[in-house]
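Worksheet for the structure shown next.
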Amino acid sequence: MRSGGALVPTPVPGVHLSTGAFESVVHGLAAALGTLEPDGVQRLRTPPVIAREIIEKVGYHRNFPHLLGRVYTRTSTGTPIESDLVLLPAGCYCVYPLFADTALAATTERSVEATCFRQEADAEVGRLRSFRMRELVRLGTAENCLGWRDDRLAAAQQMLADMGLRTESAVAGDPFFGSGGRMMRALQQERKLKIELLAEVGPGQTQAVASGNYHVDQFGRLFAITGPDGAVAHTACLALGYERLALALLHRHGPDPSRWPEHVRKLLTLERP
Ligand code: ATP
Ligand code: ZN
Ligand code: MG
């Protein structure tokens, strides 16, 4: 019997092994998501770690201390220390530092594929602690970042519809830590800074398969990046979760990708069985 495109659970919640069939869907998604990028965009692949300094600079350790995975080790003499690395929580944090202290001559984009870690408290279908995302990241002006986010979200929604996935778009907020965090989340929602595309990833289970974020000039200020208009750069990102998208496709079309509709297989460049 074929094992299908499943994720194989391990004894720890939110950590899975993926089957070859699952990975073929992820590879297909990676190729398909390329159609959302501008021609010739620089593609980057991250390691699963990032400098702790960067994560502290963007305030992630204050805003999401409950999600951050830290790396502890010992010195050569055996003294326990925290290392200069943390586990990467999202792809776009690798991109902003590349432009630190620079003036952008033009609106700039990068496409980054990241292995991420978050110490999630729950482990329902589609909520992993180690997962992968593709992010399109844009650095530019106030005018061309917000519009870009909405345009890319619409393009992603259309692409997913072409793959047979029905998604719903909704204003969302991040789970900022603590009581002050609730205010930050409310403000984020009020300003519609984060919009998610939600899809069914399992029976009765909906998850965000994509999120579009407009950061205003937060990262431009933190990293001293000037936009093409001479003002502090504005930034936006569109993040798509590979495992959630693969789970949504498996839920929609069945456990065996070789039996999926031909047009879906074509979009995912899956070879004929
Ligand atoms: P959620 O609200 O479900 O926790 P999120 O708002 O934390 O999602 P983002 O921080 O915007 O998600 O991350 C970008 C994308 O990465 C999401 O749209 C989703 O597709 C994916 N993603 C986020 N957290 C997880 C996770 N724990 N497991 C699998 N994929 C995830
Ligand atoms: Zn991002
Ligand atoms: Mg989350």
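Indexing begins at 1, ligand by ligand and atom by atom, following the structure's order.
Of the protein's non-hydrogen atoms, Glu196 OE2, 3.5 Å is the one closest to atom 2 (O) of ligand 1. Atom 20 (O) of ligand 1 has as its closest protein heavy atom Ala208 O, 2.9 Å. Atom 1 (P) of ligand 1 has its closest protein heavy atom at Arg127 NH2, 3.7 Å. In terms of protein heavy-atom proximity, atom 8 (O) of ligand 1 is nearest to Arg244 NH1, 3.7 Å. Considering only non-hydrogen protein atoms, atom 15 (C) of ligand 1 sits nearest to Ser211 OG, 3.9 Å. The closest protein non-hydrogen atom to atom 13 (O) of ligand 1 is Arg118 NH2, 3.4 Å. Scanning the protein heavy atoms around atom 16 (O) of ligand 1, the nearest turns out to be Met133 CE, 3.6 Å. Of the protein's heavy atoms, Leu128 N, 3.0 Å lies nearest to atom 28 (N) of ligand 1.
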Task: side-chain hydrogen bond (donor to acceptor under 3.5 Å, both in side chains) evaluation trace for Glu196 with Ser211 - done: CA-CA 4 Å; Glu196 291 180 340; Ser211 336; 4.6 Å; no

TODO: Begin with the C-alpha distance, continue with both residues' side-chain angles, and end with the deciding distance and a verdict on side-chain hydrogen bond (donor to acceptor under 3.5 Å, both in side chains) for Gln42 and Glu109.
DONE: CA-CA 8 Å; Gln42 185 182 39; Glu109 284 184 36; over 6 Å; no

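Between Phe176 and Phe64, the gap from one ring centroid to the other is short of 6.0 Å.
In summary, the atoms of ligand 1 found under 4.0 Å from a heavy atom of Glu120, numbered by their order in the structure, are 24 (N), 26 (C), 27 (N). Each of the following atoms of ligand 1 lies closer than 4.0 Å to a heavy atom of Ala239: 14 (C). Per-residue contacts place Gly126 under 4.0 angstrom from the following atoms of ligand 1 (heavy atoms of the residue considered): 28 (N), 29 (C). Close contacts between ligand 1 and Gly241 involve ligand atoms 20 (O), 21 (C) [criterion: under 4.0 Å to a heavy atom].
Only the backbone of Ala210 comes within 4.0 Å of ligand 1, judged by heavy-atom distances. Contacts between Lys194 and ligand 1 below 4.0 angstrom, taking non-hydrogen atoms only, involve the side chain exclusively. Under 4.0 Å from ligand 1, not a single heavy atom of Arg129 appears.
The Zn ion (ligand 2) has Cys92 SG, Glu135 OE1, Cys237 SG as its protein N, O or S neighbours under 2.8 Å.
Between Tyr96 and Phe219, the ring planes lie parallel to each other; the angle is under 30°, not in the 30° to 60° tilted range.
Residue Leu267 is grouped with residue Leu247 when hydrophobic side chains (ILVMFWY) are merged at heavy-atom distances under 4.5 angstrom, including chains of intermediate members. Hydrophobic clustering, with ILVMFWY side chains joined whenever heavy atoms are under 4.5 angstrom apart, keeps Val232 apart from Leu139. Hydrophobic clustering (side-chain heavy atoms under 4.5 Å, transitive across Ile, Leu, Val, Met, Phe, Trp, Tyr) keeps Val58 apart from Phe177.
Residue-environment remark: CD (Glu56) exceeds the threshold of 12 foreign heavy atoms within 6.0 Å. Other residues, nucleotides and ligands contribute over 12 non-hydrogen atoms within 6.0 Å of the CZ atom of Arg45.
The pair Glu82-Arg70 meets the salt-bridge criterion, since a charged nitrogen lies less than 4.0 angstrom from a carboxylate oxygen.
None of Arg185, Lys194, Gln189 except one satisfies the side-chain hydrogen bond (donor to acceptor under 3.5 Å, both in side chains) rule with Asp174; the exception is Lys194.
A donor-acceptor pair shorter than 3.5 Å cannot be found between the side chains of Thr141 and Asp229. Looking at Glu23 and Ser18, their side chains do bring a donor and an acceptor atom within 3.5 Å of each other.
At least one N/O-N/O distance between Val209 and ligand 1 falls below 3.5 Å. Inclusion of Leu240 in the set of residues having an N or O under 3.5 Å from an N or O of ligand 1 is not warranted.
To the nearest 0.5 Å, atom OG1 of residue Thr167 and atom CG of residue Leu198 are 8.0 Å apart.
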